**Q** 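Quick one: structure below, then a few questions.
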Amino acid sequence: MDLASLNAQQRAAVEQTEGPVMILAGAGTGKTRVITFRIAHLIAKGVPPDKILAVTFTNKAAKEMRERLGQMRLRAAKGDPQPTICTFHSLGARLLRQHAERLGYKRNFVIYNESEQISALKKVMSQLSSKAKLPDPAEVAPLISRHKNGAAWTALARHGTISALAKSLLGKYQSALRACNAMDFDDLLALSLQLLREHEDVLADCRGRFQYVMVDEYQDTNAAQFELVRLLTARHQNLCVVGDDDQSIYGWRGAEISNLLDMEKHFPKVKVVKLEQNYRSTNTILQAANAVIRHNAQRRAKQLWSQKGEGRRIVLRVFPSDEEEAQAVARRIEVARVGHRVPWGRHAVLFRTNQQARALETALRAARIRYHLIGGQSYFDRREVKDFLAYLKLFVNPHDDISLLRVANVPARGLSDATMERLLAESHASHGSVFSAMRLAQERGLFQTRTRDCLAAFMRLVESERAKLHSTPVPGFSLRAWAEGWLQDIGYWDDLRRGEKDAEAAEHRVRNLKDLISMLDGPELEGETPASRLISFLEQVSLDREREEDEEAGDAVTLITMHSCKGLEFPHVFIVGLEHGLLPHTRSIEENTLEEERRLFYVAITRAQQTLDISYCLARMKYGQLAPSHPSAFLQELPEALVDREDAKSKKPLSPQEARQWFAQMKGGLEPSSPGTAG
DNA sequence: ATTTGGTCCATTTTT
DNA sequence: TGGACCAAAT
Ligand SMILES: Nc1ncnc2c1ncn2[C@@H]1O[C@H](COP(=O)(O)OP(=O)(O)OP(=O)(O)O)[C@@H](O)[C@H]1O
């Protein structure tokens, strides 16, 4: 294994293969690279690859690490054992799939996403015969979530009565999920923990299996993840964690910086490695990042230096509206492409909230610039996608009430809300699923004949599609063809088209769904039988919401939130919407988490390799109307000497009154003079 | 039972 | 702005 392309500290971390190691270092110092090399080094030293576990923060990071490792291990053959490189949640899913029966689940359990979690909770709450009006399930779910991620109820008590309610509902909620043979996202951690705690043989197995454990982005692990790591490594202590306390940005979902900072307490024999050379950014960018993060009181100070020279200064711009801000970004990207031959793919636009992507998408489309939008609930939250997945889950398990209730009357087939309500009540009375209640209704002759016929037809559909899944010895059976078949039969396509006024929007939905369906025949799906391949598909789309990058080769600008950009790097970065209420976000101001917001800004800045453009707007579209906006206080933390303030020549920010005048002029169709000189 | 058209309302971040 | 929810018409 050639370690020549590492610096001395990095090499030390790679070669320290035994016992606990912590790398605590700033952005861009090669922490992730060390993990990758460490895996390769372990393998080169003769450690069987499948004894190695590396946990990453995102599926994307896992995939990247696998690819880099593949390039480094040139001698590895196709069938060779591979190290396990995945997220905590994927690891949990694998573990639980193997041992589901130990926890009273069946192996073919499905994973519920946030909206299914809320539906399940709603169902449980509706059974509560409480006089007091109950809170929105969407308010309760996050607390259950936090609890499963390791937060004690006492720690959640500040959320008032809701946390008490959450606590009292937890048992029923879990029963409801189990009845559906479903786990929610947090169960992948919580139940994995339960599995390892209650079943010593499984724990022993895992400890033997994963003799070398590495965790990236350790500053953003929560209590449950920490406990998982602790259980796995308590014996052999071969654990290498890497992180940067300044990049902890997931406190809102239970991340504990102390997991990283208290490493010496948890693993007294830990070897601490510090990395100080940044290989990513120019010194201008680094200095700006350092200047900003210095304003945080709670942090470990770090040295950071770079050999990349000073580079261009940071440019700060102001715009009258978010629309114009987006257009300006598009213009800059085109200027760079035409004038300096910079491909689109070298640019990223970073923002605080997914909503902000809208204006950018519009502007980029108008300028005919290709882009890809990372994350954003968009795709898997589309109605047609949810419907389709619910159908699949229903075919896997007819007793999955949540999925059944979603699609029972989609498209409309005579099973109205009233009918389903009644069936639901029947199911409670008979302690069975809604599907069983349907059968009972048939036998007992409940409902009108017409409704009974509808029920019978629906049950026939479910049973016959299930039969096709489970008893198809046909070689070359195509899940895609199968799915398109029943979607056609039930008239889903027509319903989809009919429900949309705009024909283009309808076709868009159809195409969306077809894209997803085509993944059903994907080569990565594991399993011999159609049913097991379907489970594999469902698991894949549940765990990795990121849409398969269509044409990886295509040159495109990246649009991404500041949260999702952690760990990535781009030659040219635009950070947009640096406004009070957005960054820091209003909610964070209310919740007193300013330092985390500042870390978010720090993460965003440190993604840039060569150039950084920051902007804010004087007004932005809010509820369909332009509302005034003010520059973020964080902007003042950028050293003047590093920043070119373009446009805002004078430099004095507009007063709210001047800003209003400026909008009035714009609305009136007058050509306004430039901001800053106005008034 | 289903569709329609209206009103009201929101607003972080993600595995 | 547009999505979610609800009441009245088909
Ligand atoms: N020794 C080295 N020589 C050359 N390039 C390096 C070296 N170490 C790291 N790099 C490069 O520096 C960049 C940042 O590395 P990496 O992503 O591993 O850093 P990181 O510490 O994980 O960053 P972050 O904390 O921001 O996620 C990458 O492009 C990587 O290839």
Side-chain angles (χ1 to χ4, degrees), chain A residues 55-62 86-93 111-115 117-118 136 138 142 145-146 148-149 183-190 192 217 220-222 224-225 248-255 322-323 350-359 362 374-378 380-383 408-420 447-448 450-451 454 495 498-499 501 505 539 541-546 560-566 577 581-591 593 596-597 599-601 603-604 620-627:
Chain A
V55 182
T56 60
F57 195 71
T58 63
N59 293 292
K60 190 169 192 250
C86 63
T87 63
F88 277 110
H89 291 88
S90 301
L91 178 67
I111 299 165
Y112 277 177
N113 63 24
E114 191 184 335
S115 61
Q117 176 186 23
I118 288 171
D136 185 352
S145 200
R146 285 292 298 272
K148 289 189 186 181
N149 280 289
M183 297 182 188
D184 68 20
F185 231 87
D186 311 306
D187 282 335
L188 298 178
L189 298 179
S192 292
E217 309 281 9
D220 270 326
T221 52
N222 62 36
Q225 292 165 334
S248 173
I249 54 178
Y250 285 87
W252 50 274
R253 63 173 214 212
D322 52 340
E323 187 183 10
L350 276 43
F351 38 82
R352 174 69 230 264
T353 68
N354 285 300
Q355 248 194 321
Q356 294 174 259
R358 253 215 183 103
T362 308
I374 308 283
Q377 292 99 341
S378 43
F380 286 96
D381 276 348
R382 299 226 171 106
R383 185 166 41 84
N409 205 29
V410 178
R413 54 166 71 88
L415 303 177
S416 71
D417 286 353
T419 306
M420 297 313 296
F447 299 104
Q448 295 180 335
R450 170 143 179 68
T451 303
C454 295
D495 194 59
R498 199 160 41 78
K501 286 182 187 118
E539 179 163 316
V541 297
S542 301
L543 288 174
D544 193 358
R545 300 170 52 94
E546 211 52 65
I560 193 168
T561 64
M562 298 182 187
H563 279 92
S564 311
C565 77
K566 192 171 61 156
L582 216 43
L583 187 76
H585 195 276
T586 315
R587 284 282 281 273
S588 302
I589 298 167
E590 287 164 9
E591 289 165 17
T593 53
E596 183 156 308
E597 294 289 287
R599 290 195 290 267
L600 200 47
F601 189 31
V603 168
R620 73 178 41 243
M621 233 20 158
K622 241 181 173 179
Y623 313 135
Q625 275 190 323
L626 265 190

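Lettering of chains follows the sequences in order, A, B, ..., and the numbering in each one begins at 1. Given the structure is predicted, the values throughout are model-derived calculations rather than measurements.
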**Q** Any sub-3.5 Å donor-acceptor pair from Arg413(A)'s side-chain atoms to Ala408(A)'s backbone N or O?
**A**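 Checking the backbone N and O of Ala408(A) against the side chain of Arg413(A), a donor-acceptor pair under 3.5 Å is found.
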**Q** Using whole Å, report how far CD1 of Ile560(A) lies from P of dT13(B).
**A**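 In whole Å, dT13(B) P lies 13 Å from Ile560(A) CD1.
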**Q** Taking atom P of dT14(B) as reference, at what distance in whole Å does atom CG of Asp186(A) sit?
**A**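 Computing the Asp186(A):CG to dT14(B):P distance gives 15 Å.
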**Q** In whole Å, what separates the P atom of dT13(B) from that of dA4(C)?
**A**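 dT13(B) and dA4(C) have their P atoms separated by 15 Å.
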**Q** Of Leu543(A) and Glu591(A), whose nearest nucleotide on DNA chain B comes first from the 5' end?
**A**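 Its nearest nucleotide lies further toward 5', so the answer is Glu591(A).
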**Q** Would you name the heavy atoms of His89(A) and Leu188(A) that are closest together and state the gap between them?
**A**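 Taking His89(A) first and Leu188(A) second, the nearest heavy atoms are O-CD1, 3.8 Å.
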**Q** Hey, does the side chain of Glu596(A) reach the backbone of Gly251(A) with a donor-acceptor pair shorter than 3.5 angstrom?
**A**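 The answer is yes, because a donor-acceptor pair under 3.5 Å joins these two groups.
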**Q** So which one's nearest nucleotide on DNA chain B is more toward 5', Ala418(A) or Thr593(A)?
**A**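 By nearest-heavy-atom nucleotide position, the 5'-most residue is Ala418(A).
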**Q** Rounded to whole angstroms, how far apart are NE2 on His563(A) and C1' on dT13(B)?
**A**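 Roughly 4 Å, once rounded to whole Å.
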**Q** Counting the atoms with a prime plus P, OP1 and OP2 as sugar-phosphate, which does Phe88(A) contact under 4.0 Å by heavy atoms, base, sugar-phosphate, or nothing?
**A**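 It contacts nothing in the nucleic acid.
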**Q** Please report the interatomic distance NE2(His585(A)) to CH2(Trp252(A)), rounded to the nearest 0.5 Å.
**A**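 One finds 12.0 Å between NE2 of His585(A) and CH2 of Trp252(A).
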**Q** Report the distance from atom CD of Gln225(A) to atom P of dT14(B), rounded to the nearest whole Å.
**A**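 Interatomic distance, CD of Gln225(A) to P of dT14(B): 16 Å.
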**Q** Enter the distance from Met562(A):CE to Arg599(A):CZ here, rounded to the nearest 0.5 Å.
**A**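 Here the interatomic distance stands at 15.0 Å.
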**Q** How is Gln356(A) classified with respect to the nucleic acid when contacts are heavy atoms under 4.0 Å: base, sugar-phosphate, or nothing?
**A**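 Answer is nothing: Gln356(A) stays at 4.0 Å or more from every strand.
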**Q** Between Tyr250(A) and Phe57(A), what is the ring plane arrangement, given parallel below 30°, perpendicular above 60°, and tilted in between?
**A**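 Ring orientation of Tyr250(A) relative to Phe57(A): tilted.
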**Q** Touch check for Gln355(A), heavy atoms < 4.0 angstrom, all strands: base, sugar-phosphate only, or nothing?
**A**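 Here Gln355(A) touches the bases of the nucleic acid.
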**Q** Nearest to the side chain of Thr419(A), which nucleotide is it out of dT15(B), dT14(B), dA1(B)?
**A**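 The nucleotide sitting nearest to the side chain is dA1(B).
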**Q** CD of Gln625(A) versus C1' of dC9(B): gap in Å, rounded?
**A**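 It works out to 14 Å between those atoms.
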**Q** If you look at every heavy atom in Ser192(A) and Gly92(A), which pair is closest and at what distance?
**A**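 Minimum heavy-atom contact is OG-CA, 3.2 Å.
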**Q** Side-chain N or O of Asn354(A) less than 4.0 angstrom from OP1 or OP2 on dT14(B)?
**A**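 Looking at the OP1 and OP2 atoms of dT14(B), one of them is under 4.0 Å from a side-chain N or O of Asn354(A).
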**Q** Taking only side-chain N and O atoms of Ser588(A), does any of them lie within less than 4.0 angstrom of OP1 or OP2 on dT13(B)?
**A**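 No, outside the criterion.
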**Q** Using atom CG of Asp381(A) as one end and atom P of dG2(C) as the other, report the distance to the nearest whole Å.
**A**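 Value for this atom pair: 18 Å.
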**Q** The side chain of Thr353(A) lies closest to which of these nucleotides: dT14(B), dT13(B), dA1(B)?
**A**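 Given the options dT14(B), dT13(B), dA1(B), the side chain of Thr353(A) is closest to dT13(B).
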**Q** Could you tell me how far apart Met562(A) (CE) and dT14(B) (C1') are, to the nearest whole angstrom?
**A**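 So the two atoms are 16 Å apart, to the nearest Å.
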**Q** Provide the closest heavy-atom pair for Leu543(A) versus Asn59(A) in the form atom of the first, atom of the second, distance.
**A**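 Minimum heavy-atom contact is O-ND2, 3.0 Å.
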**Q** Pairs under 3.5 angstrom, nitrogen or oxygen only, protein versus nucleotides 2-8 of chain B, please.
**A**
residue: dT2(B); atom: OP1; partner: Gly414(A); partner atom: N; Å: 2.6
residue: dT2(B); atom: OP2; partner: Asn409(A); partner atom: ND2; Å: 3.1

**Q** Taking all non-hydrogen atoms of both residues, which atom of Ser542(A) and which atom of Ile111(A) are closest, and how far apart?
**A**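 Heavy-atom minimum between the residues: OG-O, 3.6 Å.
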**Q** Return no unless some side-chain N or O of Ser564(A) is found under 4.0 Å from OP1 or OP2 of dT14(B).
**A**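 Answer is yes, contact under 4.0 Å.
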**Q** Can you tell which of dT14(B), dT15(B), dA1(B) lies closest to the side chain of Trp252(A)?
**A**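 The listed nucleotide nearest to Trp252(A)'s side chain is dT14(B).
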**Q** Between atom CZ in Phe447(A) and atom P in dA1(B), what is the gap in whole Å?
**A**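 That distance rounds to 10 Å.
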**Q** Applying side chain to side chain contact (heavy atoms under 4.5 Å, CB included), name anything that partners Gln356(A), two or more places apart in sequence or on another chain.
**A**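 Partners of Gln356(A) by the side chain to side chain contact (heavy atoms under 4.5 Å, CB included) criterion, ordered by chain and then number, come out as Phe351(A), Arg352(A), Thr353(A), Val576(A), Leu582(A), Arg620(A).
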**Q** Quick one: the dot-bracket string of DNA chain B, using Watson-Crick and G-U wobble pairs with both distances under 3.5 Å, [ ] for crossing pairs and | for bases paired to another strand.
**A** ||||||||||.....
**Q** If you only use heavy atoms from C-beta on, which nucleotide in dG2(C), dT15(B), dT13(B) is closest to the side chain of Thr87(A)?
**A**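 Given the options dG2(C), dT15(B), dT13(B), the side chain of Thr87(A) is closest to dT15(B).
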**Q** Keeping the roles fixed (side chain from Asp220(A), backbone from Ile249(A)), state whether a donor-acceptor pair exists under 3.5 Å.
**A**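 Yes; judged by distance alone, with no hydrogens or angles, the pair exists.
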